[in-house]
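Step one of this worksheet: look at the structure below.
In this chain, numbering begins with 1 at the start of the sequence shown.
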Amino acid sequence: MQKILITGGSGFIGNHIAKYISQCGHEAVMPSSRELNVMQKEDWDAWKGQNIKHVLHLAGKTFVPESWEKPEEFFRTNGIGTLNAVSFCRDEKIGMTYVSAYIYGQPKENPIPESAEARPDNPYAKSKYIGEEICEFFGKHFDLNITVLRLFNVYGSGQNKRFLIPSVISQVLGEETMIIVKDLKPKRDYVYIDDVCRAIALSIQKTQGYHLFNIGSGKSYSVHEIIEKVQKAAGTSKTVISEKSCRKNEVNDVTADIKLIRDAWGWKPEITIETGLLRCVEDVR
């Protein structure tokens, strides 16, 4: 059993990974933001000498639309917070997993490999990429054991309704007579939270040196397809209305190339989109 420090443990992914690694036999330590403000180095110092064996760094600002309204907050939290996390791991001589995000912008190819050019086109993605660069520099120049996981679109039980899938499920199961979304066309690679947890847990065991992996399903689905699958899982046939509103710098289609982590660590997704959506529907019911 290892003592694992999880920043952002109260968030969607944090909650799930804490339960998952506890089931794997680890001790999950999840300080609140009051106990550990990731932007305050003195807060990190208070955790030194606590026999922490690995850090899962999830804390940060995450919602793309909000990042356009408050870019400074995203850069401060996701940049300085990651620098402090890496510095803590360097001082304690322990490994770290940095949970990153989609940073490729409008892809030139699909599926997108880790070697593709990083072209973050919103403040959230840019702030996460800055965190990646910090991790890479410390990993390669200070010999730290760091894994960066670029998560594509994660979904699952307990996710905030401002994200697409929980929003659709809420409308499908609610009293609304129709389902309203901004745009039906964009396609995304959706990966179920349990598969993400398996990848993060693997990183605790296997991180040696510096690693960078995509985490996705290897398939993409449009908003329209997601609504159809949710309605099938729920047994409904509500009318769907598109506002035909395109987000700033909208990406049309993304699919993760996941061969690198499959070949290196043997990870691959096990939950199909149909199974994952059915679980989400049943959880809400």
Side-chain angles (χ1 to χ4, degrees), residues 6-16 32-34 36-41 43 57-85 98-107 112 117-135 148-156 158-171 174 176 179-191 193 196 215-216 222-223 226-227 241-254:
I6 305 173
T7 69
S10 63
F12 164 56
I13 298 176
N15 265 309
H16 282 273
S32 68
S33 57
R34 290 184 178 181
L36 176 56
N37 181 337
V38 295
M39 291 188 291
Q40 302 298 325
K41 192 174 186 305
D43 283 11
H57 185 48
L58 288 80
K61 308 284 287 182
T62 61
F63 193 48
V64 173
E66 184 185 2
S67 75
W68 287 110
E69 299 171 5
K70 304 173 183 178
E72 298 86 357
E73 290 186 16
F74 278 72
F75 285 113
R76 280 196 296 266
T77 304
N78 296 345
I80 296 173
T82 302
L83 176 61
N84 286 338
Y98 175 60
V99 177
S100 189
Y102 179 85
I103 49 80
Y104 299 106
Q106 195 70 255
I112 309 163
E117 179 186 1
R119 296 189 297 167
D121 55 6
N122 61 70
Y124 167 60
K126 184 67 174 180
S127 68
K128 295 299 286 187
Y129 184 56
I130 289 171
E132 284 192 12
E133 290 185 305
I134 291 169
C135 290
V148 173
L149 299 177
R150 285 180 178 164
L151 307 188
F152 280 56
N153 285 64
V154 185
Y155 72 101
Q159 190 173 31
N160 193 295
K161 290 181 182 179
R162 62 186 179 178
F163 291 91
L164 175 70
I165 288 177
S167 172
V168 169
I169 292 174
S170 177
Q171 293 181 74
E176 298 93 336
I179 301 163
I180 302 174
V181 294
K182 292 186 179 297
D183 192 354
L184 291 170
K185 296 179 181 179
K187 301 180 71 174
R188 295 289 185 272
D189 185 323
Y190 296 95
V191 57
I193 185 63
V196 172
I215 301 297
S222 69
V223 174
I226 291 296
I227 295 172
I241 303 296
S242 172
E243 295 177 347
K244 297 181 180 179
S245 172
C246 184
R247 291 196 312 186
K248 185 175 181 179
N249 292 344
E250 181 62 275
V251 177
N252 299 324
D253 186 9
V254 296

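- You'll find the side chain of V191 stays beyond 4.5 Å of the side chain of L151, heavy atoms only.
- When side chains are defined from C-beta on, I112 counts as touching V254, because their heavy atoms get closer than 4.5 Å.
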Quiz item: Stepwise, does the side-chain contact (heavy atoms from CB on, under 4.5 Å) test hold for Y104 with V251?
Solution: CA-CA 10 Å; Y104 299 106; V251 177; over 6 Å; no

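- The shortest side-chain heavy-atom distance between I130 and N78 does not fall under the 4.5 Å cut-off.
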Quiz item: Run the side-chain contact (heavy atoms from CB on, under 4.5 Å) check on L184 and I227 step by step: do they pass?
Solution: CA-CA 9 Å; L184 291 170; I227 295 172; 3.8 Å; yes

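- Distance check, rounded to the nearest 0.5 Å: CD1 of I6 to NE2 of H57 gives 13.0 Å.
- Note that OH of Y155 and CD1 of I226 are 7.5 Å apart. Values are rounded to the nearest 0.5 Å.
- Remark: side-chain polar atoms of S100 are not paired, donor with acceptor, to backbone N or O of V148 under 3.5 angstrom.
- Atoms CZ and CH2, on F74 and W68 in that order, are 11.5 Å from each other to the nearest 0.5 Å.
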Quiz item: V154 and F12: side-chain contact (heavy atoms from CB on, under 4.5 Å), yes or no, with the steps?
Solution: CA-CA 10 Å; V154 185; F12 164 56; 3.8 Å; yes

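- The main-chain N or O of S167 is never found under 3.5 Å from a side-chain atom of S170 such that the two would form a donor-acceptor pair.
- Side-chain N or O atoms of N37 include none that pairs as donor or acceptor with a backbone N or O of S33 at under 3.5 Å.
- For D183 (side chain) and K244 (main-chain N/O), no donor-acceptor pair under 3.5 Å exists by modelled atom type.
- Note: I80 CD1 to K41 NZ = 13.5 Å, rounded to the nearest 0.5 Å.
- If you take CZ on R188 and CD1 on I165, they are separated by 11.5 Å, rounding to the nearest 0.5 Å.
- When every heavy atom of Q106 is checked against every heavy atom of D253, the shortest pair comes out as OE1-N, 4.5 Å.
- With a 4.5 Å cut-off on side-chain heavy atoms, Y98 and I134 do not count as touching.
- More than 12 heavy atoms of other residues, nucleotides or ligands shown are found within 6.0 angstrom of CZ on R162.
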Exercise. Give the C-alpha distance, both sets of side-chain angles, the deciding distance and a yes or no for side-chain contact (heavy atoms from CB on, under 4.5 Å) between M39 and T77.
Key: CA-CA 6 Å; M39 291 188 291; T77 304; 3.8 Å; yes

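- Considering only heavy atoms from C-beta on, I241 comes within 4.5 Å of I180 through its side chain.
- Taking every heavy atom of both residues into account, S67 and N122 meet most closely at OG-OD1, 4.1 Å.
- Going from atom CD of E66 over to atom OH of Y124 covers 11.5 Å, rounded to the nearest 0.5 Å.
- Side chains of Y129 and R150 form a contact here, defined as non-hydrogen atoms less than 4.5 Å apart.
- Closest non-hydrogen pair, A101 versus E132, comes out as O-OE2, 4.3 Å.
- Within the 4.5 Å cutoff, the side chain of K185 has no heavy atoms near those of the N252 side chain.
- Counting heavy atoms from C-beta on, the side chains of I13 and I193 come closer than 4.5 Å.
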